[in-house]
Protein chains: 2
Amino acid sequence: MSVTIKDIARLAGVSHTTVSRALNDSPLINEKTKDRIRAIAEEMDYTPNFSAKSLVLDRSYNLGLFFTTLSKGTSAGFFYDAIRGVNSVIQDRYQLIVKGIDDYTSFHSITRKSFDGIIVVSQSDEDQPLIDHAADKGIPLVVLNRPVDTVGVLNVLSDEEQGAFQATSYLIRQGHRNMALIEGRVGFKSAQNRKEGFERALAHHGITLKPSHRFPGLYDLESGYKAMQQFLMLEDRPTAVFCCNDEMALGAMKAISEAGLQVPGDISVIGFDDTVFAAYVTPALTTVRRPIEQISKEGAIRLLGNIENKQYATEQVLLKTELIVRESVHPLQLTGEEG
Amino acid sequence: MSVTIKDIARLAGVSHTTVSRALNDSPLINEKTKDRIRAIAEEMDYTPNFSAKSLVLDRSYNLGLFFTTLSKGTSAGFFYDAIRGVNSVIQDRYQLIVKGIDDYTSFHSITRKSFDGIIVVSQSDEDQPLIDHAADKGIPLVVLNRPVDTVGVLNVLSDEEQGAFQATSYLIRQGHRNMALIEGRVGFKSAQNRKEGFERALAHHGITLKPSHRFPGLYDLESGYKAMQQFLMLEDRPTAVFCCNDEMALGAMKAISEAGLQVPGDISVIGFDDTVFAAYVTPALTTVRRPIEQISKEGAIRLLGNIENKQYATEQVLLKTELIVRESVHPLQLTGEEG
DNA sequence: CTGAAAGCGCTAACAG
DNA sequence: CTGTTAGCGCTTTCAG
C-alpha cells in the first residue's frame, strides 16, 4: 500500500496530526519539525490521498468544463481553444473534467461535492436546465459564450451581434446590396446573435433580405456548401454572402468555385470566428475574430476567484470582437465614402 | 448539508449498513427492503458521496486523458476527435480528466489512487517518462497513436509509415519523380513514421531526395507555408510535395497560389490526416485518413476492460490508414501502368 | 436477511 | 508548539 501520514509520523516520532499540519505548512508547527517531516515525506515518496482530503475538507478539487455537446455542432477549433484557455489558468490546483451536457440523462450526480466549480461553454438555450441545476445546488458557476441572467452566475462572452453588425456594414460599405445569409445552427444563441447583427446592419441601411436569400446552416462545412448551392441557383444571385461561421464560409467557397465562379470576383464571402485556417484558405477569408481563448481564461480566473472568496457576485463581461479584413470580399461599386 | 445513507437509514428504520447494501443492490438484502430504501433515497434526492466511496473502495472513478501538449503542436481536429472517441465509450462510469503532459513539473501526484486508468495520446518519445511512471505505479494504461513496448501497456495506433508509403507510391505512379517533403514536428513519432514511409517508397523506386527538397515543419499552417516558399525558390522546383499533415498542406497550397501557380496544375500536394476541411479546400486535398476517433474508442474500450478484469496483457492493435484521393494531385506523365 | 463495529486517510477542535 | 480524540460518508468483516 501507499505511504500515509501515519507512516511518516511513526518514522518521525511525532503524531500524525503534526505531520498533517507540517505538510500543510501550518504556522502552529516549528520550522525545524516541518523541515524534518517534509524531508521524510519526500524520501518516502508520500502523496496525499485526495479522496480522504476531499471527504474531510468537503472539496473535490474538480472543475467541470461543460460543453453543450461533444458530438455535434461544436467546432474542433472552438473546443480546443476553450480547453486550452481554461487549462492554462487552473494549473495544478484542480482537475479539469470535460463533459458534454447532452451526455447527461440526469443532473443528479452534479453536486457541490463532485465539482468545486463549473464552467459552462454554452451554445444553446437548452443548456439552461443544467445551469439552473448547478446554480440551485450552489455550485460556483461561470457561463461562457452565451448571455444568461441567472442570479449569482458569472458570465463572460463576446459581443457577437456587434461583430456581425460590423462585418455586414463593411459589406455594405463595399457596395453590396444583394446579400445572402447562411445562418448558424437552430437553437444556438450565437446563431441568433449573428443573424440579428446582420439584420440590424441591413435595416440600418434600408436594405431588405428576401426569404430566398437566407438559409439555415448547421455550422459545418457541408451545410455551408449546400446553402451556397441553393443561392447559386437563384435568379438574382447575391453578390455577397454572410456566413455565420468560418466552416460554413469555406463550404460556401467550395460551392462557388465548383460552379466555375470566383471568390471574391463574382461573389464575396465573409465568415465568423477567425478559425486557424481562415488566413490560409485561398482567397484568405475576411472574418470576425472572437477571442475564445481569452474568454475561457477570463472565465476560469473569475471562477477560481469565486470559489476561493466565496463571493457570488453577478457579473457580465463582454469582450470585443474584431473584423479581420483579408481577401474574400471585393468592392462592388464605391459609394463616395471610402470603405 | 446533503443527504447521507444515515439519513435514509433513520427514515427507513434500518441501519445505515442495510442502506448501503440496498443501494448497491447486494444479494444479501430482501427485495422488499431494497425497494423501500430505494424509494426513500429517490425521494430525498440522495447522491452518494464519491469521495467517501473512493476512500474506502480505493478507486477514484477518474480516467486520465493525457496529451503530449495542450499548448502547441496538437491540432484541434485531432484533439477533438480523441476526446470524442473516449467520451463516447466511458459514458457515466468515469470522469474524464484532460491533461497536457508538459503541464506537469512532477508526476508525483499521478498515482493509482488518483486515476483508475490513463489514456495517453502520445505524440512524442518525450512522453515516455510519464508512461514509465504510470506503468511503474501499476496504473492501467493504454497508449494511443505511438508505438511503445513497455510491458503491460496496451497500445492502439494506426500504421502511419504504411500510409505515407502508399501516398508516396501514388505520387510516383502519377509520374512524379522530383518530389519534396515537408516534415512534421521534430521529436514527434508521427513525423518520423511518415517520413520513413515516404523515404521507403522513394527508395523502392530508386528515387533519391536532395537535401534541399526536405524541410522541417511544425505541423501548423504557417510552417507549411514557409517550407513551400523555400521550395518555390529552388531551381529544380518539385512537381509534387508530400506534407506530413493537412494543416501544412494547406499552408503549402497558400504559398503556391500566392506565387501565381496552380495546385495541382503546376505542383501537386498531398496531405496526411484527412482533417474535416480537407474535402472543402480548393482544390480538395488528397490525403491519408487516420481513424483517430476509432483509435481512441478502441483504446478506451480496452482500458476499461483492463481496469475491470485486472488483467494486464501487453497487446498492440494496429489500425489501417486509407488513401483518400481527391483533386490536389495531378498526373505528370503516364508510365504505362495505370495509376 | 440485518446490525454493530471498525476503519479507509485525513483534518480540526480541544487540551496541554 | 504538539498530541489526543473524534468524525467526514462509506463499505466490510463478524455476529446474530
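Residue numbering restarts at 1 for every chain, and letters A, B, ... go by the order of the sequence lines.
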Q: Test salt bridge (charged side-chain N to carboxylate O under 4.0 Å, His left out) on B:Lys297 and B:Asp81 and set out the steps.
A: CA-CA 10 Å; B:Lys297 270 187 192 167; B:Asp81 285 346; over 6 Å; no
How many whole angstroms separate atom [atom1] of [X] from atom [atom2] of [N]?
X       : N      : atom1 : atom2 : answer
A:Met44 : C:dG9  : CE    : C1'   : 14 Å
A:Ile8  : C:dG9  : CD1   : P     : 12 Å
B:Asn24 : D:dT12 : CG    : P     : 8 Å
B:Leu57 : C:dC8  : CG    : P     : 14 Å
B:Lys53 : D:dC8  : NZ    : P     : 19 Å
B:Asp35 : C:dC1  : CG    : P     : 13 Å
B:Leu55 : C:dC10 : CG    : P     : 9 Å
B:His16 : C:dA4  : NE2   : P     : 9 Å

[X] side chain, from C-beta outward: closest of [options]:
X       : options               : value
B:Val56 : D:dG9, C:dG9, C:dA13  : D:dG9
A:Ser15 : D:dT11, D:dT12, D:dT4 : D:dT4
B:Asn30 : C:dT2, C:dC10, C:dA12 : C:dT2
A:Thr17 : C:dG9, D:dT5, C:dA4   : D:dT5

Counting any heavy atom closer than 4.0 Å, what does [X] reach on the DNA or RNA strands: base, sugar-phosphate only, or nothing?
X       : value
B:Thr33 : sugar-phosphate
A:Thr4  : sugar-phosphate
A:Ser51 : nothing

Q: Could you check A:Ala52 against B:Leu28 and say which one's nearest nucleotide on DNA chain C is further toward the 5' end?
A: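 Of the two residues, B:Leu28 wins.
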Without hydrogens or angle criteria, can the side chains of [X] and [Y] be said to hold a donor-acceptor pair below 3.5 Å?
X        : Y        : result
B:Ser114 : B:Thr111 : yes
A:Ser122 : A:Asn145 : no
B:Asp103 : A:Asn87  : yes

Q. Distance check: side-chain N/O of B:Tyr46 vs OP1/OP2 of D:dC10, anything under 4.0 Å?
A.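 Checking D:dC10 against B:Tyr46, a side-chain N or O does come within under 4.0 Å of OP1 or OP2.
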Q.
Between B:Thr18 and C:dT2, is there a contact of a side-chain N or O with OP1 or OP2 at under 4.0 Å?
A.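 Checking B:Thr18 against C:dT2: no side-chain N or O falls below 4.0 Å of OP1 or OP2.
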Q: Return the 5'-most residue of the pair A:Glu31, B:Arg21 with respect to DNA chain D, ranking by each residue's nearest nucleotide.
A: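 Closest to the 5' end, via its nearest nucleotide, is A:Glu31.
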Q: Report the C-alpha distance between A:Phe78 and A:Tyr219 in whole Å, list the side-chain angles of each, state the deciding distance to 0.1 Å, and finish with yes or no for ring pair (Phe, Tyr, Trp, His ring centres under 6.0 Å).
A: CA-CA 12 Å; A:Phe78 176 76; A:Tyr219 274 151; 9.3 Å; no
